[in-house]
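One structure is given below, encoded as structure tokens.
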There are 2 protein chains.
Amino acid sequence: MKKIEQRLTENGVRPTAMRLLIYKYLAEKEVAISLTDIEAAFAKAERTTLYRTLRTFEEKKIVHQIDDGTGIQKYALCEPGCDCNLEQDLHLHFHCNNCDETVCLTEHKIPHINLPEGFVAEDANLVLKGICDKCSGQ
Amino acid sequence: MKKIEQRLTENGVRPTAMRLLIYKYLAEKEVAISLTDIEAAFAKAERTTLYRTLRTFEEKKIVHQIDDGTGIQKYALCEPGCDCNLEQDLHLHFHCNNCDETVCLTEHKIPHINLPEGFVAEDANLVLKGICDKCSGQ
DNA sequence: CTGACCTATGCAACGGAAGTGCATTATTGT
DNA sequence: ACAATAATGCACTTCCGTTGCATAGGTCAG
Ligand SMILES: [Mn+2]
Ligand SMILES: [Mn+2]
Ligand SMILES: [Zn+2]
Ligand SMILES: [Zn+2]
């Protein structure tokens, strides 16, 4: 728990009780988490607080936001030392059509694409959809 | 206009006046179109009708839906003979952070990715974000 | 031609999720 | 202990997608 406190402080986020709990929750789950997930897990907490906590975490590069095509924003902890904006840290995400969970495949970077003249890429999002390892029974 | 009528009929969609107009509108625009865009263009028409028209078009593979990360569903005409589900027809999309427009780059297919054991891909979405050709002044 | 039938359209309302304003409470540093 | 700053709680809003149901329009068999 001291570890978490330190991580937050390092990134310029005051380690309140709520924030520590949310970080811990994210760390325990190996999948991307939505605001609604967190809301369900912390029934006592206020939605807005959770919302703003996630946003703060994102601004301070503690989590990255994931758009998996479901229309629901998901979040997952960043790798230590990750700068989500850099091309090198852009990895792909996998969304399972069966269990509806989304996971980071941090070791799979987004391939570089040669765009037509005039197009300048600053960011990229690659989502694969299908059946995840848990659901494929393998 | 006869052409459009034929295209709709071929795909099992009855060519009503409204549908012809919407198809024409999509054909004239070279960018991906949202329901709200169409609503603005056809002020007299009912939102629901436009919505259902787009959905019908999508089911019948006349248009494909584009998730460009803005949280707003966009649509663009399919290439003739395209089967949006097939890997070969999956192309990338580019969203301009400046003019907020999204375009199909139909000639840029999504590269094949080797996934870890147990993951089975059925679909993919790749969106690049940055500055488009019009906005980069080139 | 006409009525039965199916499809498309119009109108109204709902729902989920993101986001904002403002008052209150907690934390920090002097 | 006090003032300043940051976090939290509560209420409310907006946006977009979506659905139910009633009506209008087109299609086809008799
Ligand atoms: Mn990720
Ligand atoms: Mn496209
Ligand atoms: Zn799964
Ligand atoms: Zn642009």
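Throughout, protein chains are lettered first and strands after them, A, B, ... in sequence-line order, and every chain is numbered starting at 1.
Across the protein-nucleic acid pair, Lys74(B) atom NZ and dC16(D) atom P stand 10 Å apart, rounded to whole Å. Distance, Glu39(A) CD to dC10(D) P: 13 Å, rounded to whole Å. Across the protein-nucleic acid pair, Leu21(A) atom CG and dT8(D) atom P stand 11 Å apart, rounded to whole Å. Rounded to a whole Å, the CG atom of Leu35(B) is 15 Å from the C1' atom of dT19(D). As rounded to whole Å, 13 Å separates atom C1' of dA7(D) from atom CZ of Arg55(A). If you take CG of Leu50(B) and C1' of dC16(D), they are 14 Å apart, rounded to a whole angstrom. Distance Lys44(A) NZ to dC10(D) C1': 17 Å, rounded to the nearest Å. The nearest whole Å value for the distance from the CG atom in Leu54(B) to the P atom in dT19(D) is 15 Å.
Not less than 6.0 angstrom separates the ring centroid of His108(A) from the ring centroid of His93(A).
Put simply, Ile72(B) and Val103(B) are part of two different groups of oily side chains (I, L, V, M, F, W, Y) that touch within less than 4.5 Å, one to the next.
When each of Thr48(A) and Val13(B) is assigned the nucleotide of DNA chain C bearing its nearest heavy atom, the one mapping closer to the 5' terminus is Val13(B). The 5' end of DNA chain D is approached more closely, in terms of each residue's nearest nucleotide, by Thr49(A) than by the other of Ser34(B) and Thr49(A). For the pair Thr36(A) and Glu46(B), nearest-nucleotide mapping onto DNA chain C gives the more 5' position to Glu46(B).
Taking 4.0 angstrom as the limit, Thr16(A) places none of its side-chain polar atoms (N or O) nearer than this to OP1 or OP2 of dA6(D).
Between atom CG of residue Asp67(B) and atom NE2 of residue His95(B) there is a gap of 11.0 Å, rounded to the nearest 0.5 Å. Here the CD1-OG1 distance, from Ile66(B) to Thr102(B), works out to 7.0 Å after rounding to the nearest 0.5 Å.
A 4.0 Å heavy-atom criterion places the boundary nucleotides of DNA chain C facing chain B at dT7(C) to dA12(C), written 5' to 3'.
Here the shortest heavy-atom pairing between Val63(A) and Tyr75(A) reads CG2-CD2, 4.0 Å. The two residues Thr9(A) and Pro15(A) have their closest heavy-atom pair at OG1-CG, 3.9 Å.
Distances were taken from every side-chain heavy atom of Arg52(B) (C-beta onward) to each of dG9(D), dG20(D), dA6(D); the shortest belongs to dG20(D).
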Candidate pair Glu46(B) and Leu50(B), rule side-chain contact (heavy atoms from CB on, under 4.5 Å), full reasoning: CA-CA 7 Å; Glu46(B) 187 48 29; Leu50(B) 303 174; over 6 Å; no

